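Read through the structure below, which is laid out as structure tokens, and then see the notes.
In this text, all values refer to a predicted model and were calculated from it rather than measured experimentally. Values below: all heavy atoms of this structure, side chains included; hydrogens, waters and symmetry mates excluded. Chain letters run A, B, ... following the sequence lines, proteins first, then strands; residues in each count from 1.
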2 protein chains.
Amino acid sequence: MSISFDAPSTPEDEVPRVMRIGEVAELTGTTPRTIRYYEEIGLLAGGTDRQLGKHRCYSHGDVERIQEIVRLKDLLGLSLEQLSQLLEAETARADIRREFQATDDPERQRELLLQSRGHIDTQLGLVRGRIAELSRLEADLSARAQRVRDRLEALS
Amino acid sequence: MSISFDAPSTPEDEVPRVMRIGEVAELTGTTPRTIRYYEEIGLLAGGTDRQLGKHRCYSHGDVERIQEIVRLKDLLGLSLEQLSQLLEAETARADIRREFQATDDPERQRELLLQSRGHIDTQLGLVRGRIAELSRLEADLSARAQRVRDRLEALS
DNA sequence: ACTGATCCTTACGTGAACGTCAGATTATCA
DNA sequence: TGATAATCTGACGTTCACGTAAGGATCAGT
């Protein structure tokens with residue numbers, strides 16, 4: 001709980017703080033176990049560089065990624081297996097960004113961007129499909145509510 | 001597969017056909033086991049009148065109810081336990097309708113209708129909340145897609 | 001260097017939501 | 001009145017997504 005006074009008023013970003021699993025769990029509304037599990041099944045990168053037994057390190061970007069996973073899982077009702085497939089392209093996002101910045105070949109950059117776009121569009125499709133289904137459900141429920149209102153009115 | 005020719009062109013309603021569990025399972029995209037399970041945990045009425053060992057009988061209304069259960073479960077991501085609570089008022093819907101039609105007391109009728117309205121409104125609240133969350137997600141994804149488009153454009 | 005807090009790995013346990021199988025029973029139709 | 005298909009009631013098995021506990025190591029502050 002003791003916050004370092006060397007990093008005053010931590011503006012939540014800018015400073016690339018290094019966090020550990022407990023903190024990440026709290027920030028994402030999960031638990032350490034869950035995060036390790038996601039790493040275990042390949043949903044999270046799980047740094048190939050960490051020595052066995054050492055503590056896991058996370059960045060603010062990692063937190064965002066986990067939050068997105070949780071969001072997609074809950075809102076789309078996907079299994080972790082399905083999420084893995086959906087995000088498998090994005091899993092290598094760090095790598096992609098690295099390669100993107102490394103290469104000077106505009107053709108290659110274009111290719112990477114197109115890949116990213118396809119990935120996002122897939123997610124958008126799923127989200128919009130979900131919204132459509134829920135809208136139908138809302139319409140059905142509204143109709144029902146209207147019928148009840150009518151009958152209430154007819155009673156007075 | 002052999003359809004009775006006594007019921008020509010079955011218009012899907014009007015005729016109160018009596019169905020058995022296998023047919024209901026197909027119509028609802030579930031399995032007999034699932035339907036029995038739902039009955040077991042009190043999510044479905046499970047006729048108190050059926051004799052032990054006899055086949056279960058279902059009406060078209062039962063099919064609709066099961067379809068709605070599946071829909072709420074999938075789209076809202078609720079557990080069967082939560083669904084039981086959410087629908088517990090509606091579970092007695094048949095009883096309510098019966099009482100509604102039986103009584104002449106308009107005050108009682110009004111009460112039953114208000115109850116029904118509250119129930120529907122609760123569901124509507126959940127559905128709209130879900131839609132709101134998904135809309136936020138869609139906005140986030142759209143923003144990301146836009147950024148990628150911009151960079152693609154900047155490349156040409 | 002010590003210490004308390006947090007984290008590590010390993011492994012077994014758990015609840016939800018069914019799947020599956022066996023053996024008996026019930027319904028339908030020729 | 002059989003024969004065939006579908007259903008019945010247990011009861012145990014399974015998968016997913018973690019929970020939990022044990023025994024030991026790591027890290028931050030003093």
If you measure only the distance, is there a donor-acceptor pair under 3.5 Å linking the side chains of B/Asp105 and B/Gln109? no
So which nucleotide from D/dC8, C/dC8, D/dC27 ends up closest to the side chain of A/Arg20? D/dC27
Between B/Gln123 and B/His119, does any side-chain donor sit less than 3.5 Å from a side-chain acceptor? yes
Between C/dC18, D/dG19, D/dT26, which nucleotide gets closest to the side-chain atoms of A/Lys54? D/dT26
Between C/dC8, C/dA17, D/dC18, which nucleotide has the shortest distance from any of its atoms to the side chain of A/Ile21? C/dC8
Atom CD of A/Glu23 and atom P of C/dC7 are separated, to the nearest Å, by 9 Å
Does any part of the side chain of B/Glu138, heavy atoms only, come nearer than 4.5 Å to the side chain of A/Arg128, both counted from C-beta? yes
Taking D/dT9, C/dT20, D/dC18 as options, the one with an atom nearest any side-chain atom of B/Arg50 is D/dT9
Please tell me which of the listed nucleotides, C/dC12, C/dG19, D/dA17, lies nearest to the side chain of B/Thr31? C/dG19
Which whole-number value in Å describes the distance from B/Met19 CE to C/dT28 P? 14 Å
How many whole angstroms separate atom CD1 of B/Ile69 from atom P of C/dA17? 12 Å
Short side-chain N/O contact from A/Arg33 to OP1 or OP2 of D/dA17, under 4.0 Å: no
With DNA chain C as reference, determine whether B/Gly53 or B/Leu80 sits nearer its 5' end, using the nearest nucleotide of each. B/Leu80
Per A/Lys73 side chain, nearest of listed nucleotides D/dC18, C/dC8, C/dG19: D/dC18
Nearest whole angstrom, please: distance from the P of C/dC12 to the CD of A/Glu40. 14 Å
First locate atom CZ of B/Arg56, then atom CZ of B/Arg36, and finally report the distance between them rounded to the nearest 0.5 Å. 5.5 Å
Just how far, in rounded Å, is C1' of D/dC8 from CD of B/Glu39? 11 Å
Looking at the side chain of A/Tyr37, which of D/dA17, C/dA17, D/dA6 is the nearest nucleotide? D/dA17
Determine the contact category for A/Ile41: base if any of its heavy atoms lies under 4.0 Å from a base atom, sugar-phosphate if only primed atoms, P, OP1 or OP2 are that close, otherwise nothing. nothing
Value for OG (A/Ser59) from CZ (A/Arg65), rounded to nearest 0.5 Å, stands at 11.5 Å
Using heavy-atom distances to pick each residue's nearest nucleotide on DNA chain D, tell me which of A/Tyr38 and A/His55 is more 5'. A/Tyr38
